[in-house]
K.L.:
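So that we are looking at the same thing, I have put the structure below in structure tokens.
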Amino acid sequence: PDSKILSISVKAAPADVRESLELKKNARAIYINRLRMIENQPVLVEQIWLSESRFKPLLALNKNEFGPLLYPLYEANCNAIVASANEDLTIDVANRKTADALGIESNQAIVVIDRLAIGFDEQPLEWRRSFGRADQFHYRIDIR
């Protein structure tokens, strides 16, 4: 899939994200909103959270420098290598913002994937929530 960074900001993470990433209560986090596409058709909208202290070098990059894959970027710029990930999949309905990004109607079924990526040091690196069109969704996982 191709990727487009919609926004990057630094802000306080929600409590569940902060807990998952093992961040201190007042720690700030990098938030990336990204659109994934196949043949220029949107298939996923992603909310990605990273520790600001560990991933600060990413803030110096232009949105166009991110490319389609984030994990190689994490390694090259932050010396953070993803060793494994845990995912939970659920079904929900799209709110207006997600529906607009995916090109579907509000309240249409979507697949929600929550992922926690872990480094070789067994520390959490990334928390990600992806929203995908249920009508075109096929999911296969092979994370090592």
Side-chain angles (χ1 to χ4, degrees), residues 1-38 41-104 106-134 136-144:
D2 199 11
S3 299
K4 177 182 179 185
I5 301 294
L6 302 174
S7 67
I8 301 172
S9 58
V10 178
K11 55 187 174 181
D16 59 336
V17 173
R18 193 175 63 241
E19 287 178 23
S20 294
L21 291 176
E22 298 177 7
L23 300 176
K24 293 180 181 175
K25 188 172 185 175
N26 59 351
R28 293 167 36 100
I30 297 171
Y31 172 74
I32 301 171
N33 189 16
R34 183 168 82 150
L35 182 64
R36 304 296 303 270
M37 299 163 290
I38 296 177
Q41 297 298 314
V43 292
L44 288 175
V45 177
E46 297 179 316
Q47 301 171 347
I48 300 164
W49 292 91
L50 306 162
S51 163
E52 180 188 25
S53 61
R54 183 149 191 187
F55 290 91
K56 193 168 190 157
L58 297 181
L59 296 173
L61 299 176
N62 182 297
K63 288 182 190 179
N64 298 333
E65 295 179 86
F66 276 75
L69 302 174
L70 293 178
Y71 291 174
L73 199 67
Y74 297 168
E75 182 177 359
N77 292 274
C78 307
N79 197 30
I81 300 171
V82 174
S84 64
N86 302 314
E87 292 190 333
D88 290 303
L89 278 71
T90 56
I91 303 297
D92 204 346
V93 294
N95 62 28
R96 170 57 40 210
K97 186 176 179 180
T98 300
D100 288 347
L102 292 173
I104 60 176
S106 288
N107 295 322
Q108 188 170 327
I110 56 172
V111 176
V112 181
I113 306 166
D114 289 345
R115 175 189 291 181
L116 181 63
I118 310 292
F120 280 106
D121 59 0
E122 298 186 13
Q123 296 299 308
L125 296 176
E126 174 202 73
W127 187 90
R128 177 186 307 207
R129 176 166 284 160
S130 302
F131 303 92
R133 293 178 58 144
Q136 297 179 355
F137 198 80
H138 173 83
Y139 187 70
R140 179 177 172 230
I141 184 167
D142 186 14
I143 298 175
R144 299 172 197 216

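All heavy atoms count here, side chains included; hydrogens, waters and symmetry mates do not. As the structure is a computational prediction, the values presented were derived from the model and not from experiment.
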K.L.:
Determine yes or no for a side-chain-to-main-chain donor-acceptor pair under 3.5 angstrom, with K63 supplying the side chain and L6 the backbone.
P.N.:
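Yes, because the side chain of K63 sits within donor-acceptor range (under 3.5 Å) of the backbone of L6.
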K.L.:
Roughly how far apart are I32 CD1 and L50 CG, rounded to 0.5 Å?
P.N.:
5.0 Å
K.L.:
Apply side chain to side chain contact (heavy atoms under 4.5 Å, CB included) to Q41 and list each qualifying residue two or more places apart in sequence or on a separate chain.
P.N.:
none
K.L.:
Check the pair E52, L59 against side-chain contact (heavy atoms from CB on, under 4.5 Å), reporting the backbone distance first and the verdict last.
P.N.:
CA-CA 9 Å; E52 180 188 25; L59 296 173; 4.2 Å; yes
K.L.:
What closest approach, in Å, do A29 and A13 show between heavy atoms, and which atom pair accounts for it?
P.N.:
CB-CB, 4.0 Å
K.L.:
Is the ring pair Y31/W49 parallel, tilted or perpendicular, if the boundaries are 30 and 60 degrees?
P.N.:
tilted
K.L.:
Does the side chain of L89 reach to within under 4.5 Å of the side chain of V112, using non-hydrogen atoms?
P.N.:
no
K.L.:
Could you measure the distance from the CG atom of L44 to the OG1 atom of T98? Nearest 0.5 Å is fine.
P.N.:
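Rounded to the nearest 0.5 Å, the CG-OG1 separation comes out at 11.5 Å.
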K.L.:
So, taking the atom named CE in M37 and the one named CG in L102, what distance separates them when rounded to the nearest 0.5 Å?
P.N.:
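Interatomic distance, M37 CE to L102 CG, rounded to 0.5 Å: 11.5 Å.
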K.L.:
Can you tell me how far the CD atom of E65 sits from the CG atom of L73, to the nearest 0.5 Å?
P.N.:
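Spacing of CD (E65) from CG (L73) equals 8.5 Å.
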K.L.:
Rounded to the nearest 0.5 Å, how far does CZ of R18 lie from CZ of R28?
P.N.:
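So the gap between those two atoms works out to 14.0 Å.
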K.L.:
Look up atom OG in S51 and atom NZ in K24, then write down how far apart they are to the nearest 0.5 Å.
P.N.:
10.5 Å
K.L.:
To check you understand the geometry: which heavy-atom pair defines the closest contact between A94 and I104, and what is its length?
P.N.:
CB-CD1, 3.9 Å
K.L.:
Do any pairs count as a salt bridge (charged side-chain N to carboxylate O under 4.0 Å, His left out) and have a residue in residues 111-131, sequence neighbours left out, and if so which ones?
P.N.:
E46-R128, R54-D121, E87-R115, D114-R129, E126-R128
K.L.:
Looking at every heavy atom in both V82 and A117, which two are closest together, and how far apart are they?
P.N.:
CG1-CB, 3.9 Å
K.L.:
Ignoring hydrogens, what is the shortest heavy-atom contact between S106 and A99? Give both atom names and the distance.
P.N.:
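Reported closest heavy-atom pair: N-CB, 3.7 Å.
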K.L.:
What is the minimum heavy-atom distance between A27 and L23, and which atoms define it?
P.N.:
CB-CB, 4.1 Å
K.L.:
Could you tell me which residues satisfy ring-ring contact (aromatic ring centres under 6.0 Å, His included) with F131, sequence neighbours excluded, listed by chain and number?
P.N.:
none
K.L.:
Side-chain contact, heavy-atom cut-off 4.5 Å: R34 with L70?
P.N.:
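With C-beta onward as the side chain, the pair touches.
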K.L.:
Can you find a heavy atom in the side chain of I113 that is under 4.5 Å from one in the side chain of V111?
P.N.:
yes
K.L.:
Between N77 and L58, what is the shortest heavy-atom contact and its length?
P.N.:
CB-CD2, 4.1 Å
